Amino acid sequence: MDQNQLKKAAAEYAVRFVEDGMNLGLGTGSTVTYMVAALAKRAQDENMELTCVTTSSRTKRQAEGLGLRVVELNEVDRLDLTIDGADEIDANYQGIKGGGAAHTMEKIVATASDQVIWIVDESKMVETLGKFPLPVEVFDYGLTQITERLAEQGLNPVLRLDENKEPVRTHFKNLVLDLNVGQIADPHALADQLDHEVGLVEHGLFLDMVNKVIVGTPDGPKLIDHIR
Ligand SMILES: O=C(CO)[C@H](O)[C@H](O)COP(=O)(O)O
């Protein structure tokens, strides 16, 4: 099975946790694309009433196109469940997200959710975070200075560029620096350090946030439950 088949299997498994009447957070990425397709089908087949909040315009377009009801986050009090992908998940179920530059919206939505499920293929499961560069969203204003400060801390920031060598822009029109930090032995310490960095909008460390992980494996989707 290739990586996309593993993603699809994990994504399709996840929709069983959706219940009629839920307020749902929908993440961003290729795995989420499979999940949104499966969700829309289940909602239609079972005539479910769902209210969805999306974490990118890509997911919004797809969800609305498939007939799901999408509202703004400010229009709901809480979300019952958010289903999202991840770039890396360590042995303690701490994660790196932001490969799609959507981590600021994703973190706000995850924080507003009672339950969070991550759907990944097995290549995303690691012992220690850090092989995947850690994304941070920053303003244009002060880019030179924040880049220098992060470099001085040994975090090796690299401005993310698209295929045309233009800077990648987030939903909020900000920039992304990818930090090449190597093995992140203490994710909480690094998160704390980044949380105190002036001009840094949000980083991609998602700590103590996930309740279930569904991992696509060649033997079928594996559910890791009761994480917190
Ligand atoms: O954090 C994300 C976007 O900001 C995605 O969830 C993450 O990059 C995983 O993407 P994919 O499912 O395409 O592998």
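Whatever order the structure lists ligands and atoms in, that order sets their numbers, starting from 1. Computed from a prediction, not measured in an experiment: that's the story for all the values here.
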statement: Joining Ile, Leu, Val, Met, Phe, Trp and Tyr whenever any side-chain heavy atoms lie under 4.5 Å apart, the cluster holding Phe206 also takes in Ile89, Tyr93, Val116, Trp118, Val120, Met125, Met209, Val210, Val213, Val215, Ile224, Ile227

message: Looking at Asp2 and Lys8, is there a salt bridge between them, counting it only when a charged N and a carboxylate O are closer than 4.0 Å?
response: no

- prompt: Excluding sequence neighbours, so at least two apart, what forms side-chain hydrogen bond (donor to acceptor under 3.5 Å, both in side chains) with Gln193?
  reply: Gln153

task: Could you pull out all residues at least two apart from Thr111 that satisfy side-chain hydrogen bond (donor to acceptor under 3.5 Å, both in side chains)?
output: none

statement: Within the 4.0 Å heavy-atom cut-off around ligand 1, the contacting residues, ordered by chain and number, are Lys7, Thr28, Gly29, Ser30, Thr31, Asp84, Gly85, Ala86, Asp87, Lys97, Gly98, Gly99, Gly100, Ala101, Ala102, His103, Glu106, Lys124

message: When you compare the side chains of Asp121 and Ser123, does any donor N or O come within less than 3.5 Å of an acceptor on the partner?
response: yes

query: If you count the non-hydrogen atoms of other residues, nucleotides and ligands that lie under 6.0 Å from CD in Glu46, is the total more than 12?
result: yes

